[in-house]
Amino acid sequence: MPKHTIVTMPGDGIGRVVMQEAIRVLDAAGFDALYLEGDIGWDCWCREGNALPERTIKLLEQYKVGLFGAITSKPKEEAAAELAPELQGKGYVYASPIVGMRQHFDLDICIRPCHTYKGNPLNFIRRGAQGEIEEPEVDVVIFRQNTEGLYCGVEWSHPEGIVYDALMSHKNFVKNFSRVPKEEIAVSTRIFTRRATERILRAAFEHAAHNGYKSVTLCEKPNVIRETSGMMYNMAKAMQKEYGAIELWNTNIDAQMMWLTKNPEDYGVIVAGNMFGDIVSDGFAGLIGGLGFACSANLGSTIAVFEPTHGSAPKYAGYEVSIVNPIAMIESACMMLDHLKEEALAVKIRKAIAEVILEGKVRTYDMMKMKGDRDVVKNGAASTRQMGDAIIAKVISG
Ligand code: NAI
Ligand code: MG
């Protein structure tokens, strides 16, 4: 019997391509696992009216660890039009399976590490005081609350009845919106709970404590969004007292997006709610090479799913020779290895990736700063497979 069972969910488009590379690299590193494929994504929606079938949920319930590629999502009307004819008009409504999965399993802690690989031509650079080029080393881990906040889905257009009455019970609503016709109002709520806020803050501080980071930066906006960001900030201040040596920094999301392009090396662990966590993690990802390098973990109390942050990139999905960068997916697999206490294998793979990047002989089109199309391989870019092969060669040679 293999030591681990992993539910793979390649999904759509390039999700399927990068998943293959991740599994090849895991095999080369000696990861002892059985892979069970779970159906997810666009085909499931079109054929069954459900992009996250119950059988996939059952697999995850049973085996607890998932490796996810990417899925294609489309707006409601387009989705409805692509449903199988026999399902049309039967009340099926498209919902994103990855958002659904996070909510179903309460995968409330999202971790997105962003660290610089030396030699990556996509690394952020800036000019120093003497005009010299500086390449600051980014080593940041973003902890993003994954299930609540602005993405909780509690929203109304044209609020009426008790919803409108509730809004009218707030003096600021009365002052600013009571004269606006109801049909011109749309409301999206931003709900934070103490339990989930405590869990994401705890995860951030624990990570800082165990990995030698000197600060946790709360990246919200407590001076303006007083109830939710304010609660999070107060809880963070109280929690910091348990972690004497680790400083708590408090930055506003807007200012943080400016500072991360000035002094990204100063930050360590960042913690934020759902929306701001999404924004700040994309910002930091841009400093270390973008979507081809951005990996993540979604952790609940019992189930964990690992995925690159990129989507299915449909325009590259049908290439006979795939050109996309598999590193984000392979890094996500490394996060899975850490979670499974197979840290030695994760170290081996990350070292292999670092060596390939530092050598600079094998670079996918994004690393070559090429516009993606079928010709990039002819023009010197590595294919997805060649990048996978280069990493595997380093894994094997140790
Ligand atoms: P995307 O992330 O799929 O692609 C955007 C662009 O980023 C691509 O055109 C490509 O230039 C680049 N890119 C992405 N991954 C790359 C890689 N591994 N290597 C090199 N370059 C890469 O986002 P887009 O185009 O906005 O969405 C496409 C589909 O993916 C949509 O249906 C969207 O809903 C879905 N999506 C799914 C996500 C998920 O499964 N978690 C996340 C984001 C989007
Ligand atoms: Mg995003």
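FYI, side chains are in, hydrogens and waters are out, and symmetry mates aren't considered; it's all heavy atoms of this structure. Counting convention: from 1, in listed order, for ligands and their atoms alike. All figures in this text were calculated on a predicted structure; none of them were measured in a lab. Position 1 is the first residue of the sequence, and the numbers go up from there.
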Donor-acceptor contacts, no H, no angles, side chain residues 387-395, under 3.5 Å, sequence neighbours left out:
{"from": "D389", "atom 1": "OD1", "to": "R24", "atom 2": "NH1", "distance (Å)": "3.1"}
{"from": "D389", "atom 1": "OD1", "to": "R24", "atom 2": "NH2", "distance (Å)": "2.8"}
{"from": "K394", "atom 1": "NZ", "to": "E359", "atom 2": "OE2", "distance (Å)": "2.5"}

(request) Please identify each residue that fulfils ring pair (Phe, Tyr, Trp, His ring centres under 6.0 Å) with Y243, with sequence neighbours left out. (result) F205

(request) Could you check whether the rings of H207 and F143 sit parallel, tilted or perpendicular, using 30° and 60° as the cut-offs? (result) tilted

(request) Taking the six-membered ring for Trp and the single ring otherwise, decide whether the centroids of Y35 and Y63 are under 6.0 Å apart. (result) no

Which protein N or O atoms sit under 3.5 Å from any N or O of ligand 1? Give atom names and distances.
{"from": "ligand 1", "atom 1": "2 (O)", "to": "G311", "atom 2": "N", "distance (Å)": "2.7"}
{"from": "ligand 1", "atom 1": "3 (O)", "to": "G311", "atom 2": "N", "distance (Å)": "3.4"}
{"from": "ligand 1", "atom 1": "3 (O)", "to": "S312", "atom 2": "N", "distance (Å)": "3.2"}
{"from": "ligand 1", "atom 1": "3 (O)", "to": "A313", "atom 2": "N", "distance (Å)": "2.7"}
{"from": "ligand 1", "atom 1": "11 (O)", "to": "Y365", "atom 2": "OH", "distance (Å)": "3.4"}
{"from": "ligand 1", "atom 1": "18 (N)", "to": "H310", "atom 2": "NE2", "distance (Å)": "3.4"}
{"from": "ligand 1", "atom 1": "18 (N)", "to": "N325", "atom 2": "O", "distance (Å)": "2.9"}
{"from": "ligand 1", "atom 1": "19 (N)", "to": "N325", "atom 2": "N", "distance (Å)": "2.9"}
{"from": "ligand 1", "atom 1": "21 (N)", "to": "Y365", "atom 2": "OH", "distance (Å)": "3.0"}
{"from": "ligand 1", "atom 1": "30 (O)", "to": "I71", "atom 2": "O", "distance (Å)": "3.4"}
{"from": "ligand 1", "atom 1": "30 (O)", "to": "S312", "atom 2": "N", "distance (Å)": "3.1"}
{"from": "ligand 1", "atom 1": "30 (O)", "to": "S312", "atom 2": "OG", "distance (Å)": "3.3"}
{"from": "ligand 1", "atom 1": "32 (O)", "to": "S73", "atom 2": "N", "distance (Å)": "2.8"}
{"from": "ligand 1", "atom 1": "32 (O)", "to": "S73", "atom 2": "O", "distance (Å)": "2.8"}
{"from": "ligand 1", "atom 1": "34 (O)", "to": "S73", "atom 2": "N", "distance (Å)": "3.4"}
{"from": "ligand 1", "atom 1": "40 (O)", "to": "I71", "atom 2": "N", "distance (Å)": "2.9"}
{"from": "ligand 1", "atom 1": "41 (N)", "to": "E307", "atom 2": "OE1", "distance (Å)": "3.4"}

(request) List for me each residue that meets ring pair (Phe, Tyr, Trp, His ring centres under 6.0 Å) alongside Y94, sequence neighbours excluded, and say none if there are none. (result) W42, W45

(request) Using the side chain to side chain contact (heavy atoms under 4.5 Å, CB included) rule, pick out the option among I57, T56, I40, N298 that qualifies with M101. (result) I40

